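Everything below concerns the one structure shown next.
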Protein chains: 2
Amino acid sequence: MARLPEYLRALHNLAETGHETVSSEGLANAAGVNSAKLRKDLSQLGSYGTRGVGYDVGLLIDQIEYVLGLTQRRAVALVGVGNLGHALAGYDGFASRGFRIAALFDADQERVGEEINGLVVQHIDDLPRVAAEEAIAIGVIATPATAAQRVADQLVAVGVTSILNFAPCVLSVPEGVDVRKVDLAIELQILSFHEHRKASLTALPAAGGSALTALPGGLAVTESQEAIGT
Amino acid sequence: MARLPEYLRALHNLAETGHETVSSEGLANAAGVNSAKLRKDLSQLGSYGTRGVGYDVGLLIDQIEYVLGLTQRRAVALVGVGNLGHALAGYDGFASRGFRIAALFDADQERVGEEINGLVVQHIDDLPRVAAEEAIAIGVIATPATAAQRVADQLVAVGVTSILNFAPCVLSVPEGVDVRKVDLAIELQILSFHEHRKASLTALPAAGGSALTALPGGLAVTESQEAIGT
DNA sequence: CGCGATTTGTGCACGTCTTCACAAGCGCCT
DNA sequence: AGGCGCTTGTGAAGACGTGCACAAATCGCG
Ligand SMILES: NC(=O)c1ccc[n+]([C@@H]2O[C@H](COP(=O)([O-])OP(=O)(O)OC[C@H]3O[C@@H](n4cnc5c(N)ncnc54)[C@H](O)[C@@H]3O)[C@@H](O)[C@H]2O)c1
Ligand SMILES: NC(=O)c1ccc[n+]([C@@H]2O[C@H](COP(=O)([O-])OP(=O)(O)OC[C@H]3O[C@@H](n4cnc5c(N)ncnc54)[C@H](O)[C@@H]3O)[C@@H](O)[C@H]2O)c1
């Protein structure tokens, strides 16, 4: 389930604030989901909640981390140390959530050799050598879209089976390789769509004349986080 | 539909490479989705495809941009010009996809006054004044999680009804305000989960002994981009 | 002018996800 | 020891998204 990481984050928050147990309702609130949904998710893990009490925070963290495969700290390779790549390389949120940035790569000789956060940027052609030394589990692509497919192929060639892609393009990969995409412009466009829909609802549909008068109503968007009570 | 932006990007690619029309199958390939799904999505727009020919690329772009509300170039306010905020402020992908970064804010006096990409960082307390001058449609939060809720409240107070949140926390906003969240660690954890699942399937379930021997099988994840043929 | 190739639009069935509602279980207090 | 309140786990119903398969429509060509 894609919600488990969210639960995990909420649980860590609770653990830090001293809670030993948490009810499904409390955790659901902290994670921003329905409590029934949360219970069903947790029951899928074969989880051990105690009726009348709730869930043991520490135990649940262990459970979820095990299922997510976070018991081993996976090595991440970041390719493309540009604008975005720099920010990612300097981000400590990866290390604190079960990952280790193992190597940085770029194709630009200007950047190779640069040190960021204790790691030296290496040339992308060295990827096979580095991959032989470290078991790279996940590749992150932060190159321009034009280079993304090539980089993906290179990552797959050295045995990487999970890729996080920030470039705005579709990647072709062999079966068995997982790709997740993050595209900020798409997120903004979805928000823009909602803005437009909201505006169309308040202002009466008096505007007409164009061939494009169909109101954008009744279109659903996979919810990211709907409005929740104040 | 959350897939419309993806179609739009693929259409722009096609337009640049000289295509005037495109079949549902062609566009579906470019966007990485099923062709039937794409046709159903497009029919929801009241779209005008021509049977036997396909869709007019230019017309379809106009259609989708209208529905997404991209006909007006929306103003975006970015709050938190740190590690990540810098990368976002310097990103040209927003401008080219229908948005305009209208203002940068930070709470750190050290950063206020700094110029990034032609924009001067302003203090977050100036938000009300700036919002009065420009109609800010979307707020982007790139502050630490501890400050995110406060910033969200400030954005809502000046009339922002759409927020893109990069901080790893759940935001409480009044009804009518849309929040979308981007959490990179969650993306990595989902990939890690798949890695773990793949490993559990190849290696026979011979490992046992711990109380946590339940194999993480049968759990579904909302697909981001599944493996597609080479 | 007619026919075939091609492609859209959609009815239908299926599987998945979501939510409600409630019985079963647990602990605490008397 | 017993009852009471609270919480989990889950059955069932409904909503929703997905994909197949095919009829209807359009174009090009003979
Ligand atoms: N900057 C942002 O905030 C932002 C936001 C959303 C998406 N993106 C996307 O992320 C990607 C990177 O953005 P950016 O702003 O960092 O761009 P950038 O141009 O600053 O950085 C790209 C880096 O990739 C390197 N590179 C190019 N080809 C390579 C190859 N074949 N192998 C290895 N490295 C290679 C370049 O040398 C450069 O250092 C782009 O696809 C962009 O659309 C960026
Ligand atoms: N850097 C990354 O690659 C990355 C990746 C994923 C998520 N994030 C998240 O994005 C957020 C920002 O990350 P970062 O690395 O840029 O952190 P950062 O510490 O470099 O930057 C945070 C900025 O926010 C400013 N700020 C703090 N409180 C503020 C307030 N009340 N109002 C306005 N500005 C305020 C700070 O002055 C600072 O400049 C964090 O929540 C982080 O978890 C970052």
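Keep in mind that this is a model prediction, so the values were computed, not measured. In what follows, chains are A, B, ... by sequence order, proteins preceding strands, each numbered from 1.
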For this session: Kindly write out the residues that satisfy side-chain hydrogen bond (donor to acceptor under 3.5 Å, both in side chains) with T17(A), not counting sequence neighbours, or none if the list is empty.
Result: H19(A)

Seminar exercise, completed: Taken in chain and number order and not counting sequence neighbours, the residues that satisfy side-chain hydrogen bond (donor to acceptor under 3.5 Å, both in side chains) with Y7(A) are R3(A), D41(A)

Would you be so kind as to tabulate the donor-acceptor pairs closer than 3.5 Å made by side chains of residues 67-74 of chain A, with sequence neighbours excluded?
{"unit_1": "R73(A)", "atom_1": "NH1", "unit_2": "A95(A)", "atom_2": "O", "d": "3.0"}
{"unit_1": "R73(A)", "atom_1": "NH1", "unit_2": "F99(A)", "atom_2": "O", "d": "3.3"}
{"unit_1": "R73(A)", "atom_1": "NH2", "unit_2": "A95(A)", "atom_2": "O", "d": "3.2"}
{"unit_1": "R74(A)", "atom_1": "NE", "unit_2": "G69(A)", "atom_2": "O", "d": "3.2"}
{"unit_1": "R74(A)", "atom_1": "NE", "unit_2": "S192(B)", "atom_2": "OG", "d": "2.9"}
{"unit_1": "R74(A)", "atom_1": "NH2", "unit_2": "G69(A)", "atom_2": "O", "d": "3.3"}

Exercise. Rounded to the Å, how far apart are L38(B) CG and dG17(D) P?
Worked result: 16 Å

Sequence neighbours left out, cut at 3.5 Å: what donor-acceptor pairs do the side chains of residues 151-161 of chain B make with other protein atoms?
{"unit_1": "D153(B)", "atom_1": "OD1", "unit_2": "Q149(B)", "atom_2": "NE2", "d": "2.9"}
{"unit_1": "T161(B)", "atom_1": "OG1", "unit_2": "E195(A)", "atom_2": "OE1", "d": "3.3"}
{"unit_1": "T161(B)", "atom_1": "OG1", "unit_2": "E195(A)", "atom_2": "OE2", "d": "2.4"}

Problem set entry | d(NZ, K37(A); P, dA15(D)) in whole Å | 17 Å

For this session: Using a cut-off of strictly less than 4.0 Å, decide whether N34(A) has a side-chain nitrogen or oxygen near OP1 or OP2 of dC17(C).
Result: no

For this session: Using the test side-chain hydrogen bond (donor to acceptor under 3.5 Å, both in side chains), find all partners of S24(B) that sit at least two apart in sequence or belong to another chain.
Result: R39(B)

For this session: If a protein heavy atom is under 4.0 Å from the base, mark B; if only from the sugar-phosphate, S; if neither, -; do that for nucleotides 4-14 of chain C going 5' to 3'.
Result: --BBBBBBB--

